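Comments concern the structure below.
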Amino acid sequence: ATTMGCETRSEHHHTTNRIVGRWLLGCSGLVAGAIVLGGVTRLTESGLSMVDWHLVREMKPPQSQAEWEAEFSKYQQFPEFKILNHDMTLSEFKFIFFMEWGHRMWGRLVGLAYILPTVYFWKKGYFTRSMKGKVLGLCGFVVFQGLLGWYMVKSGLEEKPESYDIPRVSQYRLSAHLGSALLLYCASLWIGLTQLLPAHKMTETRHIMQLKRFAKGTAGLVFLTALSGAFVAGLDAGLVYNSFPKMGERWIPDDLLAFSPTLKNFFENPTTVQFDHRILGISSLAAITGLYLFSRRMLLPRRAKIAISLLAAMAYGQVVLGISTLLLYVPTSLAATHQSGSVALLSLAIWVLAELRKMPK
């Protein structure tokens, strides 16, 4: 009788793993949607259209003409309207308002998709002890992500009398907001995949160990490139040198280190930020190509081979998208596709790591 009990328990454990895994993959899908929507919000310069932050009250957009006019007059008190959009009409305002409203509502949906099932599964006893810590971490992270979003918007609403620049949010806060979303996405995807994909029985040869290390470094490089892309977006650095592979007439532009101290250039000089993003993108492509060629020489499970091949194909697609975005002076649709491409690339890198992970002892 005791063996029977064990059987059903491990079956039950397997089923709950599947349910939890699917839920986390669903959550990571919602986060990916939020990242894409956020990118479009940034590209259409809609992010500063909602100047208040109320968790519940702002869920209902303005209904009547009077409500719209009140909302528009609130927006008119802030620098973006005064300096950049002073001739904006109400219907143009409605567009940017709905972009930002959509992004905020989607964020709330993501929050609920993490928190409500966590409470439910916890009560049903679906979580192992290690899983409890993980889901609590993810839920905390979602809340933090929302607060970071508001902290970011605040930086674009402040009056800066000494600056002649067009009002925009701080690129540091923008990168923190995107970086944190990418971390949440990767963590959810990783935990979801490890729940759903059985680990392969691979003999740990020296080559496979090297491949794993290589894959981890490559994934880190892809993440770093995506983060540097947030600085490009935040500084509108895609509009400074619209030529490839040279920047203007030169390989290394002369205003590369125009700011002092030197370190400041990497975060505040659009030329340097674009230059870094190019270098990181090409390095990622080289690393992924190397990973692919290296993996061809060894015996790997079929799924791992597929994952590595898709990663390589996507990397070339992503570089083509990036260069096209640049050469065509950053059209919204292409730029948004390029940002979605970075999420796809990260996902494939995570999948490769999940396929190469060790058998649990």
Side-chain angles (χ1 to χ4, degrees), residues 28-50 80 84-85 92-107 109-110 145 148-149 152-153 156 166 168-171 173-186 189 222-242 244 270 273-274 276-278 280-281 284-285 310 313-349:
S28 68
L30 285 174
V31 174
I35 293 172
V36 173
L37 242 178
V40 180
T41 304
R42 169 73 201 88
L43 287 160
T44 53
E45 297 190 338
S46 311
L48 297 173
S49 58
M50 292 173 75
E80 186 177 66
L84 194 65
N85 294 334
E92 288 170 320
F93 172 72
K94 281 184 181 176
F95 171 77
I96 66 166
F97 181 89
F98 273 121
M99 279 298 321
E100 171 67 4
W101 182 81
H103 183 56
R104 291 196 191 183
M105 290 305 108
W106 191 278
L109 175 70
V110 171
Q145 177 60 11
L148 252 181
M152 171 184 79
V153 166
I166 55 169
R168 50 163 98 95
V169 299
S170 146
Q171 72 274 27
R173 296 185 195 182
L174 180 85
S175 310
H177 186 59
L178 178 71
S180 152
L182 290 170
L183 277 175
L184 178 66
Y185 174 75
C186 291
L189 185 63
V222 171
F223 190 88
L224 210 67
T225 310
L227 213 50
S228 79
F231 279 94
V232 175
L235 284 168
D236 291 323
L239 294 165
V240 285
Y241 282 94
N242 300 87
F244 193 88
V273 164
Q274 195 202 104
D276 292 341
H277 189 60
R278 289 178 180 218
L280 284 166
S284 299
L285 184 67
L310 286 176
M314 185 63 219
Y316 282 88
Q318 179 64 350
V319 168
V320 169
L321 275 172
I323 295 170
S324 315
T325 304
L326 186 70
L327 297 183
L328 296 168
Y329 294 91
V330 197
T332 301
S333 55
L334 252 183
T337 311
H338 180 59
Q339 196 197 329
S340 316
S342 68
V343 180
L345 201 57
L346 258 175
S347 317
L348 290 166

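Residue numbers run from 1 in the order of the sequence given. In what follows, every heavy atom counts, from backbone to side chain, and hydrogens, waters and symmetry copies are set aside. Just so it is clear, the structure is predicted and the values come from calculations on it, not from any experiment.
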Between [X] and [Y] (side chain of the first, backbone of the second, donor and acceptor by atom type, cut-off under 3.5 Å), is there such a pair?
{"X": "Q274", "Y": "A237", "result": "yes"}
{"X": "W106", "Y": "L30", "result": "yes"}
{"X": "N242", "Y": "L326", "result": "yes"}
{"X": "S46", "Y": "M99", "result": "no"}

According to side chain to side chain donor-acceptor pair (under 3.5 Å), who are the partners of [X], at least two apart in sequence or on a separate chain?
{"X": "D236", "result": "R42, R168"}
{"X": "Y329", "result": "none"}
{"X": "S340", "result": "none"}

Do you know which two heavy atoms are closest between [X] and [Y], and how far apart they sit?
{"X": "V153", "Y": "G47", "answer": "CG2-O, 3.8 Å"}
{"X": "Y241", "Y": "R278", "answer": "O-NH2, 3.3 Å"}
{"X": "G179", "Y": "F223", "answer": "O-CZ, 3.8 Å"}
{"X": "V232", "Y": "G238", "answer": "CG1-N, 3.7 Å"}
{"X": "L334", "Y": "L328", "answer": "CD1-CD1, 3.5 Å"}
{"X": "L43", "Y": "T332", "answer": "CD1-O, 3.8 Å"}

**Report entry** Between Q145 and S180: side-chain donor-acceptor atoms closer than 3.5 Å
**Finding:**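 There is such a pair (donor and acceptor under 3.5 Å, judged by atom type) between the side chains of Q145 and S180.
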Requested in this report: Check whether any side-chain heavy atom of Q339 lies under 4.5 Å from a side-chain heavy atom of L178, and answer yes or no.
Outcome: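 In contact.
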Query raised in the report: Quick one: does V169's side chain get under 4.5 Å of L48's, heavy atoms only?
Result: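 Side-chain contact under 4.5 Å: yes.
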Report task. Under the side-chain contact (heavy atoms from CB on, under 4.5 Å) rule, what do D276 and F231 come out as? Steps first, then yes or no, please. Result -> CA-CA 10 Å; D276 292 341; F231 279 94; over 6 Å; no
Query - L84 and E45: CA distance, side-chain angles, deciding distance, side-chain contact (heavy atoms from CB on, under 4.5 Å) verdict - result: CA-CA 11 Å; L84 194 65; E45 297 190 338; 3.8 Å; yes
Nearest 0.5 Å please: distance from the [atom1] atom of [X] over to the [atom2] atom of [Y].
{"X": "L285", "Y": "L280", "atom1": "CG", "atom2": "CG", "answer": "12.5 Å"}
{"X": "S49", "Y": "H103", "atom1": "OG", "atom2": "NE2", "answer": "11.0 Å"}
{"X": "H177", "Y": "I35", "atom1": "NE2", "atom2": "CD1", "answer": "9.5 Å"}
{"X": "L189", "Y": "L182", "atom1": "CG", "atom2": "CG", "answer": "12.0 Å"}
{"X": "M152", "Y": "Q171", "atom1": "CE", "atom2": "CD", "answer": "12.5 Å"}
{"X": "L348", "Y": "Q318", "atom1": "CG", "atom2": "CD", "answer": "11.0 Å"}

Query raised in the report: Where does the angle between the aromatic ring planes of F93 and F97 fall among parallel (under 30°), tilted (30 to 60°) and perpendicular (over 60°)?
Result: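 Plane angle between 30° and 60°, so tilted.
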Query raised in the report: Hey, mind stepping through S342 and T225 against side-chain contact (heavy atoms from CB on, under 4.5 Å) and telling me if it holds?
Result: CA-CA 9 Å; S342 68; T225 310; over 6 Å; no
Report task. Quick one: do I323 and V319 satisfy side-chain contact (heavy atoms from CB on, under 4.5 Å)? Show the steps, please. Result -> CA-CA 6 Å; I323 295 170; V319 168; 3.8 Å; yes
